[in-house]
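Note: hydrogens, waters and symmetry copies are ignored here, and every other heavy atom, side chains too, is used. For reference, positions follow the sequence shown, starting with 1.
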Amino acid sequence: MPFQYLLTNLLVDVPGAQGAIFLDPEGEAVEYVCRTTTPFELKLEGAYHAIFLRQAARLARIAGGGDLEQLAIAGSEITVMSRTLRSGYYLVLVVSRGTPMSLAREAMRRTARSLNGEIP
């Protein structure tokens with residue numbers, strides 16, 4: 001299943017989604033889709049989330065919380081959600097304030113499951 005298709009469906013499934021990006025372990029974009037954010041902003045946000053995810057995963061392990069699955073950073077205007085995938089890949093979704101987080105989390109879970117099936 002093509003990555004573009006999966007990311008586009010994620011944007012369609014989440015009202016208020018501004019962009020979604022699928023990244024490799026180094027933080028490089030594999031594929032992305034944008035609705036209201038620019039490709040540059042989305043790639044930059046995605047790359048920084050590699051740092052955030054690594055640090056949060058380290059803290060979770062130290063605290064005995066097990067493996068990190070997802071991380072959300074909420075701001076006054078947007079929330080950025082990350083989800084870890086197989087082999088160090090990860091998924092980032094940028095949503096507007098007021099987006100139902102439970103809906104976004106479930107849509108990301110479904111997309112992550114499909115992406116994991118495509119990662120070698």
Side-chain angles (χ1 to χ4, degrees):
M1 193 175 292
F3 301 133
Q4 182 83 24
Y5 175 80
L6 293 170
L7 296 177
T8 300
N9 281 345
L10 177 58
L11 284 192
V12 168
D13 290 346
V14 180
Q18 296 182 10
I21 186 166
F22 171 49
L23 301 110
D24 72 13
E26 270 73 53
E28 294 293 323
V30 175
E31 189 63 74
Y32 62 89
V33 292
C34 303
R35 183 177 286 155
T36 59
T37 189
T38 68
F40 175 77
E41 291 169 329
L42 191 59
K43 289 177 183 178
L44 187 62
E45 191 70 50
Y48 273 106
H49 270 264
I51 298 166
F52 301 152
L53 284 169
R54 277 194 282 276
Q55 291 302 317
R58 185 179 66 78
L59 292 172
R61 282 191 302 275
I62 290 170
D67 293 332
L68 181 72
E69 292 181 5
Q70 62 184 10
L71 175 69
I73 299 175
S76 61
E77 299 298 321
I78 64 169
T79 297
V80 182
M81 304 172 71
S82 307
R83 188 161 183 99
T84 59
L85 303 169
R86 289 182 41 198
S87 303
Y89 287 80
Y90 60 103
L91 172 65
V92 174
L93 177 66
V94 179
V95 298
S96 301
R97 180 184 174 125
T99 299
M101 290 297 104
S102 60
L103 179 70
R105 276 192 302 276
E106 178 58 25
M108 282 193 70
R109 187 190 63 73
R110 286 191 313 268
T111 302
R113 184 177 51 225
S114 296
L115 287 170
N116 277 330
E118 299 293 326
I119 297 171

Return the orientation label for the Y89 and F22 ring planes: parallel under 30°, perpendicular over 60°, tilted otherwise.
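Correct class here is parallel.
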What's the verdict on side-chain contact (heavy atoms from CB on, under 4.5 Å) for L85 and L23, showing C-alpha distance, side-chain angles and the deciding distance?
CA-CA 10 Å; L85 303 169; L23 301 110; over 6 Å; no
More than 12 foreign heavy atoms under 6.0 Å from [atom1] of [X]: is that the case here?
{"X": "F52", "atom1": "CZ", "value": "yes"}
{"X": "E69", "atom1": "CD", "value": "no"}
{"X": "R97", "atom1": "CZ", "value": "no"}

At their closest point, which heavy atom of A20 faces which heavy atom of L42, and how far apart are they?
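Of all heavy-atom pairs spanning A20 and L42, the closest is O-CD2, 3.5 Å.
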Which pair of non-hydrogen atoms, one from P25 and one from S87, has the smallest distance, and what is that distance?
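In terms of heavy atoms, the two residues are closest at CG-O, 3.2 Å.
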Using the side chain to side chain contact (heavy atoms under 4.5 Å, CB included) definition, which of the options L7, L6, I21 pairs with L91?
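Going through the options one by one, the only one that passes is L7.
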Checking the side chain of S82 only, and the main-chain atoms of Y90 only, is there a donor and an acceptor separated by less than 3.5 Å?
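Not a single qualifying donor-acceptor pair exists.
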When you measure from the side chain of T99 to the backbone of P15, do you find a donor-acceptor pair of N or O atoms at a distance under 3.5 Å?
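It does hold such a pair.
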I'd like to check D13 versus R110 (side-chain heavy atoms, cut-off strictly below 4.5 Å). Are they in contact?
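Side-chain contact under 4.5 Å: yes.
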When you compare the side chain of T8 with that of L11, does any pair of heavy atoms fall below 4.5 Å?
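Heavy-atom side-chain distance check fails, nothing below 4.5 Å.
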Spatial distance of atom CG (D67) from atom CZ (R61) [nearest 0.5 Å]
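Answer rounded to 0.5 Å: 7.5 Å.
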